[in-house]
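One structure below.
Below, read A as the first sequence line, B as the second, and so on, with proteins coming before strands; counting in each chain starts at 1. Computation of the quantities below employed the complete heavy-atom set of this structure, encompassing side-chain atoms and omitting hydrogens, waters and symmetry-equivalent molecules.
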Protein chains: 6
Amino acid sequence: MEEKVLKLGLPKGSLQETTLKLFKKAGYNIHVSHRSYYPVIDDEEISAMLLRAQEVPVYVEKGYLDCGLTGYDWILEQNVDVIEVAELRYAKEGFRPVRWVIAVPEDSSIKTIEDLQNKRIATELVGYTKRYLKSKGIKAEVYFSWGATEVKPPYLADAIVDLTETGASLKANKLRVIETILESTTRFIANKSAWKDPWKKKKMQDIAMLLQGALLAEEKVGLKMNVPKDSLKKVLSLLNSLHSPTISQLYDENWYAVEVIINEKRVRELLPKLKEAGASGFVEYPLNKVIP
Amino acid sequence: MEEKVLKLGLPKGSLQETTLKLFKKAGYNIHVSHRSYYPVIDDEEISAMLLRAQEVPVYVEKGYLDCGLTGYDWILEQNVDVIEVAELRYAKEGFRPVRWVIAVPEDSSIKTIEDLQNKRIATELVGYTKRYLKSKGIKAEVYFSWGATEVKPPYLADAIVDLTETGASLKANKLRVIETILESTTRFIANKSAWKDPWKKKKMQDIAMLLQGALLAEEKVGLKMNVPKDSLKKVLSLLNSLHSPTISQLYDENWYAVEVIINEKRVRELLPKLKEAGASGFVEYPLNKVIP
Amino acid sequence: MEEKVLKLGLPKGSLQETTLKLFKKAGYNIHVSHRSYYPVIDDEEISAMLLRAQEVPVYVEKGYLDCGLTGYDWILEQNVDVIEVAELRYAKEGFRPVRWVIAVPEDSSIKTIEDLQNKRIATELVGYTKRYLKSKGIKAEVYFSWGATEVKPPYLADAIVDLTETGASLKANKLRVIETILESTTRFIANKSAWKDPWKKKKMQDIAMLLQGALLAEEKVGLKMNVPKDSLKKVLSLLNSLHSPTISQLYDENWYAVEVIINEKRVRELLPKLKEAGASGFVEYPLNKVIP
Amino acid sequence: MEEKVLKLGLPKGSLQETTLKLFKKAGYNIHVSHRSYYPVIDDEEISAMLLRAQEVPVYVEKGYLDCGLTGYDWILEQNVDVIEVAELRYAKEGFRPVRWVIAVPEDSSIKTIEDLQNKRIATELVGYTKRYLKSKGIKAEVYFSWGATEVKPPYLADAIVDLTETGASLKANKLRVIETILESTTRFIANKSAWKDPWKKKKMQDIAMLLQGALLAEEKVGLKMNVPKDSLKKVLSLLNSLHSPTISQLYDENWYAVEVIINEKRVRELLPKLKEAGASGFVEYPLNKVIP
Amino acid sequence: MEEKVLKLGLPKGSLQETTLKLFKKAGYNIHVSHRSYYPVIDDEEISAMLLRAQEVPVYVEKGYLDCGLTGYDWILEQNVDVIEVAELRYAKEGFRPVRWVIAVPEDSSIKTIEDLQNKRIATELVGYTKRYLKSKGIKAEVYFSWGATEVKPPYLADAIVDLTETGASLKANKLRVIETILESTTRFIANKSAWKDPWKKKKMQDIAMLLQGALLAEEKVGLKMNVPKDSLKKVLSLLNSLHSPTISQLYDENWYAVEVIINEKRVRELLPKLKEAGASGFVEYPLNKVIP
Amino acid sequence: MEEKVLKLGLPKGSLQETTLKLFKKAGYNIHVSHRSYYPVIDDEEISAMLLRAQEVPVYVEKGYLDCGLTGYDWILEQNVDVIEVAELRYAKEGFRPVRWVIAVPEDSSIKTIEDLQNKRIATELVGYTKRYLKSKGIKAEVYFSWGATEVKPPYLADAIVDLTETGASLKANKLRVIETILESTTRFIANKSAWKDPWKKKKMQDIAMLLQGALLAEEKVGLKMNVPKDSLKKVLSLLNSLHSPTISQLYDENWYAVEVIINEKRVRELLPKLKEAGASGFVEYPLNKVIP
């Protein structure tokens with residue numbers, strides 16, 4: 001009888017910290033020893049390995065790993081044939097996508113991607129960049145950059161394709177974005193054969209559900225408030241775009257307790273309005289998981 | 001039409017970490033790039049800048065910034081004319097005020113501030129110290145100390161005016177406190193003209209409310225417990241100094257669920273008493289914001 | 001009249017961080033200045049001192065300290081006569097016990113502890129190891145190892161007695177475990193005379209209760225869900241091993257809100273089943289203290 | 001009889017490391033304990049104190065210190081009346097002067113210092129800047145900047161006066177230099193009364209000689225080479241700008257050994273020429289002190 | 001008239017520190033600002049850029065750089081057509097070559113490179129490895145490894161080609177070397193067109209000579225000793241394998257001073273013998289450059 | 001035939017850095033991998049191991065190691081029977097001995113060691129302290145302190161025996177020294193049987209000679225100067241306490257070149273006097289080894 005073990009690849013480096021925190025909130029403690037590539041996970045049905053995000057797609061496609069987390073950018077770069085189990089909306093440095101852009105020196109004559117014809121482009125994303133330019137009918141010399149891509153222009157390249165989040169690094173190097181060619185988040189991917197194994201598929205789906213529940217909880221909070229009877233309608237109309245507030249009558253029958261799960265960012269706008277509408281006694285608390 | 005942007009100064013250095021955490025709990029994510037002074041804040045209506053706390057008062061008074069967070073000590077030192085939007089009860093190293101004290105060597109003959117007549121005093125708070133001594137009728141040579149003030153006596157100064165929290169640094173340098181001349185917390189201050197702009201005033205008041213809500217949540221927790229019918233009165237009397245516990249009947253009609261928002265520090269005293277009074281099944285949970 | 005002060009020893013080093021976090025969750029803020037051994041605690045009835053875990057048992061036994069936290073291993077090693085007020089289930093690197101094992105080189109001819117007769121054993125736990133071997137009728141040369149015990153074999157020792165958590169360090173040094181001789185967690189211990197002082201005893205019991213409440217909260221979470229009327233029975237049966245879920249009817253009378261305090265690790269298994277059973281709208285939130 | 005002790009102020013911070021290395025090469029071992037301001041020096045006739053470079057001039061002028069090392073910039077800023085015992089040609093980051101420049105945003109309309117009339121200038125060097133501008137007949141608002149001066153323009157200042165070495169920081173902040181107002185190196189300064197004490201004066205002169213000998217050795221090396229008889233003239237003419245090469249006949253009477261003390265930087269130019277002229281067997285060795 | 005500037009690529013990362021030290025000893029001070037890729041060099045005729053060693057060969061071949069320092073391994077990997085100006089005998093971690101080896105798990109059935117037929121090989125040196133195997137008539141799947149190559153076997157690869165110095169990392173990962181396929185040191189390479197420019201060629205040759213002189217000085221020392229007349233012959237015979245000791249008569253005519261430039265490693269063997277032969281008063285001193 | 005290998009123990013921790021530097025100057029390169037206890041030494045006849053200084057004496061005495069470097073304090077503490085091959089005059093933090101002292105609180109009534117009768121003494125040097133006190137006829141409770149001994153008094157000990165260099169730590173903890181009981185430097189010790197093996201004995205003696213030569217070079221420098229004929233006598237009389245200056249006539253027959261090996265510390269006193277006596281053109285250079 002086959003042992004039930006799911007081989008999981010986790011991304012080392014910039015995605016690692018957020019990924020491990022997310023697994024922790026999802027209920028999996030992963031302990032990474034100093035300089036070890038085989039983290040210990042408190043689920044005997046999972047065997048995990050830390051790998052550079054760039055390597056995960058190939059090893060999953062070839063079946064050396066059953067599944068893994070990696071960036072959408074590297075999946076496209078490696079051009080692999082895998083199952084996308086779930087999108088997980090985070091990337092390096094936060095809970096939002098990163099963008100890969102084409103950038104040129106501020107004072108370059110290159111204005112649009114059409115101007116890239118016959119130019120030199122340095123990037124860590126050679127494969128995808130070549131396919132992208134080809135699809136636009138542009139011929140250019142695209143070569144691999146071993147990091148620090150943003151300092152290559154103008155001496156070593158005419159343009160670059162590089163990852164950016166706030167644009168600060170591009171600005172510091174006096175580069176100008178001419179086009180965004182890819183937005184990338186983290187993906188949970190599976191090998192095609194592994195996906196056909198019912199036990200593995202169920203296991204991966206459960207992990208995906210828990211990870212997504214943990215991720216959703218990153219942006220949501222619980223909000224409780226007390227509402228006098230005659231403000232209830234107004235308060236509920238302010239909250240009405242939200243899914244199902246919980247309403248319960250308080251000991252003092254003229255007051256209701258209202259509780260709602262809400263995007264943390266919305267709280268800062270909504271709270272002054274709710275207060276104006278008569279609600280008071282606001283209490284906001286953090287969440288670990290939210291699964292609709 | 002004027003663009004709606006609030007220029008906000010944030011204190012770099014010892015107040016920075018707590019300030020950014022507080023903004024995060026208030027609902028504002030502020031991303032500070034390495035070595036950047038222009039943090040990115042996820043509210044397009046705010047333009048933030050990191051500055052030394054000492055610099056914030058002047059720039060707010062002159063109107064280069066609409067508002068800012070800084071210590072009460074530096075507001076007094078700079079002697080500026082600004083609006084205090086809110087007191088935020090934290091300082092360097094924690095959620096309590098810091099004190100500025102006059103200290104002298106343990107074996108000094110100086111016992112009271114009267115003995116400071118004609119003495120040399122080193123301090124980073126030259127302006128306020130001079131005004132303070134003058135108001136007491138004392139003439140002394142007060143000069144600026146560029147840090148490490150506590151090592152100046154006895155060779156380079158007869159006394160110092162320095163900031164202290166636990167007194168550990170004074171003790172280690174064999175200094176004795178003779179008087180506290182200032183207690184300081186963080187203040188949210190506004191430029192007088194900015195305060196007259198209704199949009200800016202409303203924006204600042206909302207931010208202040210959310211920051212204070214986040215700050216209050218630092219010292220409060222939610223506490224739930226189960227109480228048998230015949231203990232309810234006693235339990236409620238123990239809790240009666242607290243604002244409005246929420247009471248609800250449980251499925252088993254002989255038991256009530258009682259929930260209360262309470263100072264975390266009080267829990268450690270109250271819990272043994274509540275238990276003795278018959279309550280059980282205590283669950284304490286953390287809060288993000290508490291707005292009465 | 002005697003001053004009411006409890007002298008408390010806290011473990012410096014590997015247990016320190018977790019211990020201080022636990023005290024914080026229990027409601028005690030402890031501030032450790034850089035290089036100071038006398039932490040400031042916000043309870044004037046407690047006077048705390050930081051000491052190596054190895055030193056705490058002796059100082060508590062002799063009465064220089066009223067009580068302290070230390071590892072069970074060092075209590076046995078020092079062979080002291082003290083009161084165990086509470087077991088606190090954590091150790092170096094996490095909320096689980098550590099093991100002390102006898103290990104030998106992978107290719108050693110030593111297979112069982114009987115083979116240790118007349119062999120050289122290096123360990124930091126000399127006293128306990130000697131007593132243990134004696135109780136098994138084995139004579140061996142046991143000598144003290146000043147750290148890095150795992151590199152002693154084969155040149156400087158035939159076997160070692162060392163602490164292990166994941167076994168990674170043993171493996172890296174090509175050692176094989178032949179027996180576990182001790183499992184250790186943290187203990188809150190008291191001096192026998194201090195325990196007879198009613199005020200001190202009560203104070204220690206309260207601290208123990210709060211620490212255990214904080215510790216329990218480390219592994220538990222609150223879980224809320226919405227359950228349609230006709231799924232309630234099935235859902236409750238899934239939850240039935242758990243202590244007292246709180247059930248309340250929602251506004252929409254066909255739905256119930258169910259809330260339960262549950263081990264975080266069980267959530268990952270239970271959640272898919274609860275979902276299948278008809279529950280939805282899961283919200284998991286973190287806890288500070290759980291006291292049954 | 002008075003004790004013979006020279007009170008010496010040493011600059012903490014950016015000049016500290018180079019200063020201590022220089023003292024070491026001069027023959028004085030100075031041991032700075034962690035967080036101590038009273039370094040231990042292996043000369044009982046010297047009592048040293050670490051102070052910010054900004055503070056040294058005033059304490060020397062007032063006589064709290066007999067002498068000290070500090071930057072020429074802070075001597076001018078404080079406008080003190082002291083003796084300059086020696087110039088020591090090093091500054092922050094190396095054995096060359098630093099420059100204080102007036103800089104404005106790259107796209108500012110300010111082109112010359114005349115354009116600064118009525119403008120806002122931020123600087124750490126308020127006193128000297130005011131005197132400098134006044135001497136040029138320019139009125140401007142000069143105010144103190146607590147660090148990060150280079151990020152003040154354009155919002156918080158129209159121009160800055162800041163220290164620069166390579167210009168990299170100005171460039172990164174898109175600032176343009178319009179004038180250099182001060183070049184600064186380190187100076188060994190003495191109090192006027194201390195200078196009148198013959199013992200102190202002799203001690204300071206000896207220290208200055210040794211420090212300058214150590215400093216000179218930083219840029220010089222010893223260079224030995226073998227020269228055949230008939231190349232000697234040519235080789236010596238290449239070296240003739242140098243002070244006194246040492247020439248000695250070798251065992252083989254057709255060869256001479258030539259040794260010279262020379263600027264390290266000149267070696268890289270001279271060596272290819274010397275080789276061409278017939279010299280060979282070059283050996284270059286480092287020096288600790290060079291005193292002409 | 002063309003400006004005389006030599007564009008020089010310097011290796012960032014593992015070779016950087018040694019390279020910069022070597023340039024310093026050669027007489028060139030190179031200042032690398034934090035996070036800058038354009039180091040400042042105190043020779044206006046050189047314009048330097050920091051690049052990953054992997055990138056230098058291509059940029060030199062294409063002529064974007066006139067010359068550069070990089071590893072022989074990356075020159076072969078990139079298969080470029082450049083001039084080798086000089087071999088500089090250092091690599092990562094010291095003044096000796098590094099080796100690229102084929103390694104397999106200790107318990108693998110692969111014994112010789114013939115056994116690699118149809119196996120999976122992970123490496124950072126894909127190009128060279130493929131050419132090497134092809135030349136031996138072996139077909140294997142060679143794919144790129146993004147670091148941590150040594151943890152790839154056995155799950156993700158059957159064998160690896162990796163860089164090793166002491167073999168410690170291979171041993172720790174239980175790998176066995178089956179063949180060394182490349183020994184690599186640092187090379188100073190030039191673009192073919194740049195080499196034809198007489199000014200550039202002369203400049204590169206001078207730099208190469210100075211770097212080699214600095215490198216030679218790393219392993220050599222100066223050794224002086226006093227030798228009595230009747231021991232001179234014996235002492236000289238011990239030194240006779242060395243190039244030209246310098247002998248001079250001392251004031252006391254029965255003694256000679258003998259000075260020799262010698263490999264530091266030989267000193268430890270030779271010194272006891274020289275002492276036995278009658279020499280005494282040994283003084284060994286360090287060197288900056290040795291150019292024969 | 002027996003393989004020729006000398007097993008050498010090197011002290012890990014506070015003596016490690018100086019020890020490795022000394023070996024390097026002696027001509028042995030020792031490479032310590034991160035977290036490895038088996039350094040690689042470039043002499044195949046030596047097999048080295050890093051151990052805590054406390055452990056070296058026992059392992060040498062038992063013969064698990066042939067020889068080792070450790071502190072004299074730990075040799076006495078362990079009370080071992082070994083050969084002292086050489087004293088090496090350095091200790092933690094520098095080229096001078098450390099002292100072990102008995103210290104008591106500044107305000108303690110204990111004034112002399114006689115007052116220690118029946119007192120509690122904490123120390124890391126239990127064995128030696130007990131023997132020392134016994135030899136003085138004093139009975140006291142001496143117990144082991146696991147570090148931070150200086151904070152034990154007054155609560156946990158009446159006195160301590162602790163290591164001190166500058167006395168700064170004692171002073172910061174308000175302790176007063178009442179007696180120095182041991183001065184300690186590093187010793188090169190050998191196992192008695194190993195010492196009887198002629199090959200090992202010769203090898204150890206050679207190593208000792210080279211280490212001592214390197215150590216002597218730490219405090220000595222070479223000093224060259226030019227002396228006019230008529231000052232030679234005076235200059236030589238100033239130098240006359242020194243062993244054998246080398247004098248040679250210069251090209252200009254009125255001048256002599258004088259070279260001497262001298263303690264670096266003496267240079268600072270002697271140089272002003274030599275200058276006054278007519279010498280000039282001083283050049284001081286560093287040394288690697290000095291072997292008389």
Would you be so kind as to tabulate the donor-acceptor pairs closer than 3.5 Å made by side chains of residues 272-282 of chain A, with sequence neighbours excluded?
none

Side chain, backbone, both or neither of [X] within contact of chain A (heavy atoms, under 4.5 Å):
X: Leu287(B); value: both
X: Lys202(B); value: side chain
X: Pro292(B); value: backbone
X: Ala26(B); value: backbone

Please tabulate, for the side chains in residues 43-54 of chain B, all donor-acceptor contacts under 3.5 angstrom to protein atoms that are two or more places apart in sequence or on a different chain.
unit_1: Asp43(B); atom_1: OD1; unit_2: Glu45(B); atom_2: N; d: 2.8
unit_1: Asp43(B); atom_1: OD2; unit_2: Lys203(B); atom_2: NZ; d: 2.8
unit_1: Glu45(B); atom_1: OE1; unit_2: Lys203(B); atom_2: NZ; d: 2.8

ask   = Taking 4.0 angstrom as the limit, do Asp42(B) and Arg268(A) come out as a salt bridge?
value = yes

key: Check ion pair Glu218(B)-Lys25(B) (N to O, under 4.0 angstrom)   = yes

ask   = In Å and rounded to the nearest 0.5 Å, what is the OG1 to CD1 distance from Thr149(A) to Ile121(A)?
value = 12.5 Å

task = Anything under 30° is parallel, anything over 60° is perpendicular, the rest tilted; go ahead and classify Phe23(A) against Tyr28(A).
result = perpendicular

note = Among residues 184-195 of chain B, those lying within the under-4.5 Å heavy-atom range of chain A are none

message = Quick check: do Ile30(B) and Leu10(B) have side-chain heavy atoms less than 4.5 Å from each other?
response = yes

query = Taking only residues two or more places apart in sequence, or in another chain, which ones meet Glu259(B) in a side-chain contact (heavy atoms from CB on, under 4.5 Å)?
reply = Lys224(A), Lys224(B), Thr246(B), Tyr285(B)

note = Under 4.5 Å to a heavy atom of chain B? For Val283(A) that would be both

